Amino acid sequence: MSKTALVLRHIAFEDLGSFADPLAEAGYAVTYRDPTVDPLSGLDPLADDLLIVLGGPIGAYEEAIYPFLAAEIALLTARLTARRPTLGICLGAQLMARALGAKVAPTGLKEIGWGPLTLTAPGAASPLTALDGVPLLHWHGDAFDIPAGAERLAATALCANQAFALGSTILGFQCHPEGWEHGFERWLVGHAAELAGAGIDIPKLRADAARFGPGATAAGRAMLRDWLAALP
């Protein structure tokens, strides 16, 4: 493998999911780093060929409560300013949006469950076309504004900003296109308090994961392969 991918993982069970295989196929050696315990200050933000920032159950605007977020946003600011290849999912995309100067805030509701994206014209002309009409996992109560200069790629009825791109090297998702055909039970247990507070029907969520997970996995992998292939 001649390329490196650094993955920032905030919570153990929110990993690369079905994205791991396309990354390996594309020749990326993956290294996980946990910003909650691993200092980021010594990292060269431009060193790795790809940076992937994953999700987590906190707000991208909560540096006062979770001080490690400040270092993470600083790393992202340097990398995104240089337009180095960066992919963000859920909290990861929200942190990218903040690093690019956009607002992230609570929406006042929870979007938790499976449903398709509505692609914008730029979205339909992007690697996201592989996701068109495919139910994906949504799990958030916050949302990002589209950063200046970026294109809005997708929406749902509950969240107008589901994905953005800045050129061909920067891509952020509010939803979870990394699938979850396997390992979804970890999410149900790990986020049990949030699910209970939101009144989510857990057996239905589990059944929907079994029903939609395989399709989401296939579509997410196809999308990622296309995006990786287009990187300079």
Side-chain angles (χ1 to χ4, degrees), residues 5 7-26 28 30 32 52-58 87-94 107 109-119 123-124 126-143 153-163 171-228:
V7 180
L8 301 185
R9 175 173 56 185
H10 305 93
I11 188 167
F13 57 81
E14 292 200 30
D15 54 26
L16 284 170
S18 60
F19 278 7
D21 287 346
L23 287 166
E25 293 164 5
Y28 287 89
V30 172
Y32 280 101
I52 301 175
V53 190
L54 299 176
I58 60 176
L87 172 65
I89 297 172
C90 203
L91 173 62
Q94 294 168 4
T107 64
L109 51 84
K110 293 283 187 180
E111 185 178 28
I112 300 177
W114 294 78
L117 300 176
T118 298
L119 301 184
S126 78
L128 269 69
T129 190
L131 305 176
D132 193 19
V134 178
L136 302 175
L137 177 63
H138 304 270
W139 199 309
H140 69 104
D142 295 342
L153 303 181
T156 60
L158 294 179
C159 182
N161 298 331
Q162 281 285 351
L171 180 61
F173 286 95
Q174 183 57 70
C175 61
H176 288 273
E178 72 274 32
W180 300 113
E181 183 178 357
H182 304 293
F184 190 64
E185 198 69 21
R186 297 178 301 168
W187 285 56
L188 301 182
V189 173
H191 294 308
E194 180 184 15
L195 292 172
I200 300 298
D201 183 337
I202 293 176
K204 182 181 186 302
L205 192 60
R206 180 187 292 112
D208 285 347
R211 178 184 177 189
F212 298 125
T217 292
R221 285 174 172 164
M223 181 279 301
L224 184 60
R225 289 188 186 103
D226 289 348
W227 185 73
L228 292 172

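Along the sequence shown, residues are numbered consecutively beginning with 1. As the structure is a prediction and not an experimental result, all values here were calculated from the model.
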So which heavy atom on [X] is nearest to which on [Y], and how close?
| X | Y | result |
| --- | --- | --- |
| H140 | C90 | CB-SG, 4.2 Å |
| L205 | F184 | O-CE2, 3.7 Å |
| A216 | P135 | CB-O, 3.6 Å |
| C175 | H138 | CB-ND1, 3.5 Å |
| L131 | F173 | CD1-CE2, 3.8 Å |
| P22 | L224 | CB-CD2, 3.9 Å |

[atom1] of [X] to [atom2] of [Y]: how many Å apart, nearest 0.5 Å?
| X | Y | atom1 | atom2 | value |
| --- | --- | --- | --- | --- |
| H10 | D15 | NE2 | CG | 13.5 Å |
| D142 | Q174 | CG | CD | 7.5 Å |
| I52 | I89 | CD1 | CD1 | 7.0 Å |
| W114 | D208 | CH2 | CG | 8.5 Å |
| T217 | F212 | OG1 | CZ | 13.0 Å |
| R186 | E14 | CZ | CD | 9.5 Å |

Under the side-chain contact (heavy atoms from CB on, under 4.5 Å) test, which residues partner [X], sequence neighbours left out?
| X | result |
| --- | --- |
| E194 | K110, I112, W139, H191 |
| T107 | L109, A143 |
| D201 | P203, K204 |

Contact list for residues 128-139, test salt bridge (charged side-chain N to carboxylate O under 4.0 Å, His left out), sequence neighbours left out: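 Every pair satisfying salt bridge (charged side-chain N to carboxylate O under 4.0 Å, His left out) with a residue in residues 128-139: there are none.
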
Using a 3.5 Å cut-off and no angle test, enumerate the donor-acceptor pairs between side-chain atoms of residues 153-161 and protein atoms at least two apart in sequence or in another chain.
unit_1, atom_1, unit_2, atom_2, d
T156, OG1, E111, OE2, 2.8
T156, OG1, C159, N, 3.2
T156, OG1, C159, O, 3.4
T156, OG1, Q162, NE2, 3.2
N161, ND2, F144, O, 3.0

Y32 versus L54: any side-chain heavy-atom pair under 4.5 Å? yes

Any side-chain heavy atom of E185 within less than 4.5 Å of one from F13? no

I'd like to check the salt bridge (Lys or Arg N to Asp or Glu O under 4.0 Å) partners of R211; sequence neighbours left out, ordered by chain and number.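 Partners of R211 under the salt bridge (Lys or Arg N to Asp or Glu O under 4.0 Å) test: none.
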
Just one of L91, V7, L8 clears the side-chain contact (heavy atoms from CB on, under 4.5 Å) bar with V53, so which one?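 The side-chain contact (heavy atoms from CB on, under 4.5 Å) with V53 is passed solely by L8 among L91, V7, L8.
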
